[in-house]
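Convention: sequence-line order gives letters A, B, ...; per-chain numbering from 1.
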There are 2 protein chains.
Amino acid sequence: MGRLSIGELARKTGVHIETIRYFEKIGMLGAPDRTAGGHRVFDDGHLRTLKFIKRARELGFAPKEVRTLLDLGGPAEACCDEVREIAIHHLEEVRRKIDDLTRLERHLTATVEQCSGGHVPDCAVIDMLETARP
Amino acid sequence: MGRLSIGELARKTGVHIETIRYFEKIGMLGAPDRTAGGHRVFDDGHLRTLKFIKRARELGFAPKEVRTLLDLGGPAEACCDEVREIAIHHLEEVRRKIDDLTRLERHLTATVEQCSGGHVPDCAVIDMLETARP
DNA sequence: TGTACGTCCTGTAGTAGATATAGGTTCAAG
DNA sequence: CTTGAACCTATATCTACTACAGGACGTACA
């Protein structure tokens, strides 16, 4: 079971040591116990929380959203409503982003195809960028 | 024609005044003329450049890429080759991002659908976040 | 028990890319 | 010629970390 040094925690989660200390400082991760000499001693709860944070960040949840999710999901009185709200909001943003990027992808593909690749005064890419958004 | 104060330029481009000064400081935007009293006076070139920067950022080009595009597209000796390279590289990243987001979108959608919305001890969203990535 | 070396500690500073504030100056309309 | 909006510089703040410097701790081995 858990009596992890910061280094072990870092290896198990893939989160940098400095980042773990940073998370503690900003209150994202609870303050761990300390040895007599002052070294941090983490437990399984910290491991779980840190993995949660990491995964949520990887999935694109903003730091503030992660914090809210932690607050909601933390003390076992998890309120599905609010968690759901955040997830749905995030989902909407993801969809919007996909749309934007898909448009850009089409635009860029067409532009690059037009591009001769030579040294010409007029460049399709530059033109595209100079054109105001419709 | 162009004899724009910084405020007018900000209104025409939607870029904050402070950000315009910031762009000037870091060399992204050329230093404008000044009135006798020291107020900045921009011209159409600045307007064009600032619009270009804004659009490129909106399209997801990194600040460094924008700078390179400006350098290439700037002095009329525009080299289509390099511009094309940047665009293609960017296009690859856009496609990768679309893939990632699409996967996330499916994942989130499925999760949210599973979610009852009530006050239950187990929440699909929280579960999803606590599950290690496959 | 000693010692050596890896790990850990705090504190500070740096990063990008802005954004905000404080305190003072200039411009332009009436 | 006044008044108020807009502008000026300089410095500080922000987010989300990352990177030192200089020193203290912990543990494996002799």
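- Between the CD1 atom of Ile17(A) and the P atom of dA16(D) there is a distance of 22 Å, rounded to whole Å.
- Using a 4.5 Å heavy-atom cutoff, the side chains of Arg21(A) and Ile6(A) are in contact.
- A donor and an acceptor atom, one from each side chain of Thr109(A) and Arg95(B), are located under 3.5 Å apart.
- Under the side-chain contact (heavy atoms from CB on, under 4.5 Å) criterion, Arg57(B) pairs with Ile53(B), Pro63(B), Val66(B), not counting sequence neighbours.
- You can see that DNA chain C meets the heavy atoms of chain B within a 4.0 Å-exclusive cut from dG17(C) to dC27(C), reading 5' to 3'.
- Taking atom CZ on Arg3(A) and atom P on dG26(D), their separation rounds to 12 Å, with Å as the unit.
- Axis angle between the ends of the helix from dT1(C)-dA30(D) to dG30(C)-dC1(D), five pairs each and rounded to 10 degrees, works out to 10°.
- Remark: Lys54(A) engages Glu58(A) in a salt bridge, criterion side-chain N to carboxylate O under 4.0 Å.
- Straight-line distance from the OH atom of Tyr22(B) to the P atom of dT11(D): 18 Å, rounded to whole Å.
- Pairs passing the ring-ring contact (aromatic ring centres under 6.0 Å, His included) check and including a residue from residues 14-45 of chain B, sequence neighbours excluded, read Phe42(B)-His46(B).
- Atom CD1 of Ile53(A) and atom C1' of dA16(D) are 13 Å apart (whole Å).
- The CG-C1' distance, from Leu9(B) to dA6(D), rounds to 14 Å in whole Å.
- Summarising the geometry, the separation between CD1 on Ile6(A) and P on dC25(D) is reported as 17 Å, rounded to the nearest angstrom.
- Side-chain N/O atoms of His39(B) include none lying less than 4.0 angstrom from OP1 or OP2 on dC8(D).
- For the pair Arg21(B) and dC8(D), the criterion of a side-chain N or O lying under 4.0 Å from OP1 or OP2 is met.
- When rounded to the nearest whole Å, the span between CD of Glu65(A) and C1' of dT15(D) equals 15 Å.
- In this view, Asp33(B) satisfies the side chain to side chain donor-acceptor pair (under 3.5 Å) rule with no residue, not counting sequence neighbours.
- Against DNA chain D, the stretch residues 25-38 of chain A makes heavy-atom approaches under 4.0 Å through Thr35(A), Gly37(A).
- Arg40(B) and Glu24(B) are joined by a salt bridge, as a carboxylate oxygen and a charged side-chain nitrogen come within less than 4.0 angstrom of each other.
- The minimum heavy-atom distance between Ala10(B) and Ile17(B), with the atom names listed, is CB-CG1, 3.8 Å.
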Working for side-chain contact (heavy atoms from CB on, under 4.5 Å), residues Arg34(B) and Val41(B): CA-CA 5 Å; Arg34(B) 300 278 185 146; Val41(B) 181; over 6 Å; no
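- If you check dC17(D), dT9(D), dC7(D) against the side chain of Arg40(B), the one that comes closest is dT9(D).
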Worked check of side-chain contact (heavy atoms from CB on, under 4.5 Å) between Asp43(B) and Leu4(B): CA-CA 6 Å; Asp43(B) 59 29; Leu4(B) 301 160; over 6 Å; no
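- What separates CZ of Arg11(B) from P of dA6(D) is a distance of 7 Å, to the nearest Å.
- Side-chain atoms of Thr102(B) come within 3.5 Å of backbone N or O of Ile98(B) as a donor-acceptor pair.
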